Amino acid sequence: MEQRRKRVSPVSVFFNFFCFLLLRLLCFSGSAEAYKNYTVGDSLGWYDSQEKPAVDYQQWADAKNFSLGDFLIFNTDTNHSVVQTYNFTTYKECDYDDALDSDTKLWSAADPSNTATSGVTVPVPLLKEGTTYFFSSDYDGDQCRNGQHFKINVSHGKGLPESLKSPSEQSPAPNSADYNNDESAPDLVVPSTFNKPRGNQNSNDDDDDDDDDGDNVKKQSGAVSLLAKYLDWKFNGILFLLGIISIF
């Protein structure tokens, strides 16, 4: 007796495939809102219109969605400064001399008297919701008045990561494990001896032990990251096979 082959309805095939795609979308939704690094001005960098006539930082900022934990990367030189403020008056006057430490921060100072300029990269984390202003105050505010300024609105997003809830006085560098580098962010290397007072030999030995512990933690974190990626790959493969099976 000839065995009849079961016919599969096109509607059933479409429904199963749709469910498969929906499940895949839900699996990726958790990583879609990763923290981001934004290079200010993109390839033009952070300069006034006297040096870069094509700059329009407000237009650049209006096309972005900023959230807590994101970084702004300022590529500039030692003849331009980076000032962040939450005070509209300070921003409007292009001058932070009378500003309060609680609402204004100078991330990078310039020395207009120094004719030998060099390039610098300044990463600035977004730590507060609401309106935030940025400008360069050099030459009595002339750079600011010549287009080197912009404002942004920072939303809550995923909230601050643990690494930014107690920021140090130095600007922390973007962490490649926590941030989605949609726009190229520089690798910032801080020497291990930076801002470390010289002490006796015992103190140095303790510091070496701390460095070894830090290396071990990094190795463990890397292993966990690789394991997570492997499990995610296996899970995706299982989901794909289930989707193929459900079609038939």
Side-chain angles (χ1 to χ4, degrees), residues 37-58 60-61 64 66 68-128 130-152 154 160 163-164 166-175 179 183-197:
N37 298 331
Y38 294 97
T39 302
V40 177
D42 296 327
S43 61
L44 293 176
W46 178 240
Y47 298 94
D48 60 276
S49 59
Q50 297 294 319
E51 291 192 39
K52 300 289 182 70
V55 297
D56 189 336
Y57 295 110
Q58 194 57 59
W60 171 86
K64 306 291 188 295
F66 304 98
L68 289 175
D70 291 344
F71 271 80
L72 298 188
I73 311 298
F74 293 81
N75 291 323
T76 185
D77 59 30
T78 52
N79 199 34
H80 298 78
S81 63
V82 178
V83 182
Q84 179 187 25
T85 184
Y86 305 109
N87 190 313
F88 175 73
T89 300
T90 300
Y91 173 70
K92 184 178 180 180
E93 293 179 353
C94 296
D95 184 6
Y96 69 94
D97 288 342
D98 297 328
L100 301 176
D101 292 338
S102 59
D103 62 26
T104 302
K105 184 175 182 64
L106 177 64
W107 288 98
S108 177
D111 183 9
S113 63
N114 185 6
T115 57
T117 60
S118 59
V120 295
T121 295
V122 185
V124 178
L126 301 180
L127 306 175
K128 184 177 179 180
T131 304
T132 303
Y133 306 95
F134 294 92
F135 65 94
S136 176
S137 64
D138 291 349
Y139 296 98
D140 297 325
D142 283 347
Q143 290 181 345
C144 173
R145 285 184 283 271
N146 285 326
Q148 200 171 2
H149 62 86
F150 65 96
K151 67 178 181 178
I152 63 174
V154 181
L160 287 175
S163 60
L164 290 181
S166 298
S168 63
E169 289 299 319
Q170 294 292 330
S171 172
N175 189 332
Y179 289 81
E183 299 189 29
S184 177
D187 295 329
L188 301 177
V189 180
V190 179
S192 60
T193 57
F194 177 76
N195 202 25
K196 183 184 296 183

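Not measured: the values here are computed from a predicted model.
Nearest heavy-atom pair across Thr90 and Ala99 is OG1-CB, 3.8 Å. The two atoms that bring Leu160 and Leu126 nearest to each other are CD2-O, 3.6 Å, heavy atoms only.
Side-chain contact between Thr132 and Gln84 is present, with at least one heavy-atom pair separated by less than 4.5 Å. Looking only at side-chain heavy atoms (C-beta outward), Thr131 and Phe88 stay at 4.5 Å or farther from each other. No side-chain heavy atom of Asn87 sits less than 4.5 Å from a side-chain heavy atom of Leu100. Val124 is not listed as a side-chain neighbour of Val40, based on a closest heavy-atom distance of 4.5 Å or more. Looking at Tyr139 and Cys94, their side chains never come closer than 4.5 Å, going by heavy atoms from C-beta outward.
Counting only residues at least two apart or on different chains, the side-chain hydrogen bond (donor to acceptor under 3.5 Å, both in side chains) pairs with a member in residues 45-58 are Asp48-His80, Glu51-His80, Gln58-Asp62.
The local environment of CG in Asp101 is sparse, with at most 12 non-hydrogen atoms from other residues, nucleotides or ligands closer than 6.0 Å.
In this structure, the separation between CG on Leu127 and OH on Tyr86 is 5.5 Å, given to the nearest 0.5 Å. Note: Thr121 OG1 to Ile73 CD1 = 8.0 Å, rounded to the nearest 0.5 Å. Within the model, atoms OG1 of Thr104 and CZ of Phe135 stand 7.0 Å from one another, a figure rounded to the nearest 0.5 Å.
A donor-acceptor distance shorter than 3.5 angstrom exists from the side chain of Gln143 to the backbone of Asn79, with no hydrogens or angles considered. A distance-only check finds a donor-acceptor pair linking the side chain of Thr85 to the backbone of Asp103 [under 3.5 Å].
Scored by the salt bridge (Lys or Arg N to Asp or Glu O under 4.0 Å) test, Asp142 finds Arg145 as partners (sequence neighbours excluded). By the side-chain contact (heavy atoms from CB on, under 4.5 Å) test, Leu106 pairs with Ser81, Val83, Tyr96, Ala109, sequence neighbours left out.
Geometrically, Lys151 does not engage Tyr91 in a cation-pi contact, judged by NZ or CZ lying under 6.0 Å from the ring centre and within 45° of the ring axis.
Of the candidates Trp60, Phe150, Phe66, Phe150 is the only one forming a ring pair (Phe, Tyr, Trp, His ring centres under 6.0 Å) with Phe134.
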Q: Walk me through it: do Val82 and Val120 pass the test side-chain contact (heavy atoms from CB on, under 4.5 Å)?
A: CA-CA 11 Å; Val82 178; Val120 295; over 6 Å; no

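Defined by atom type and a distance below 3.5 Å, a donor-acceptor pair is missing between the side-chain atoms of Ser137 and Asp95.
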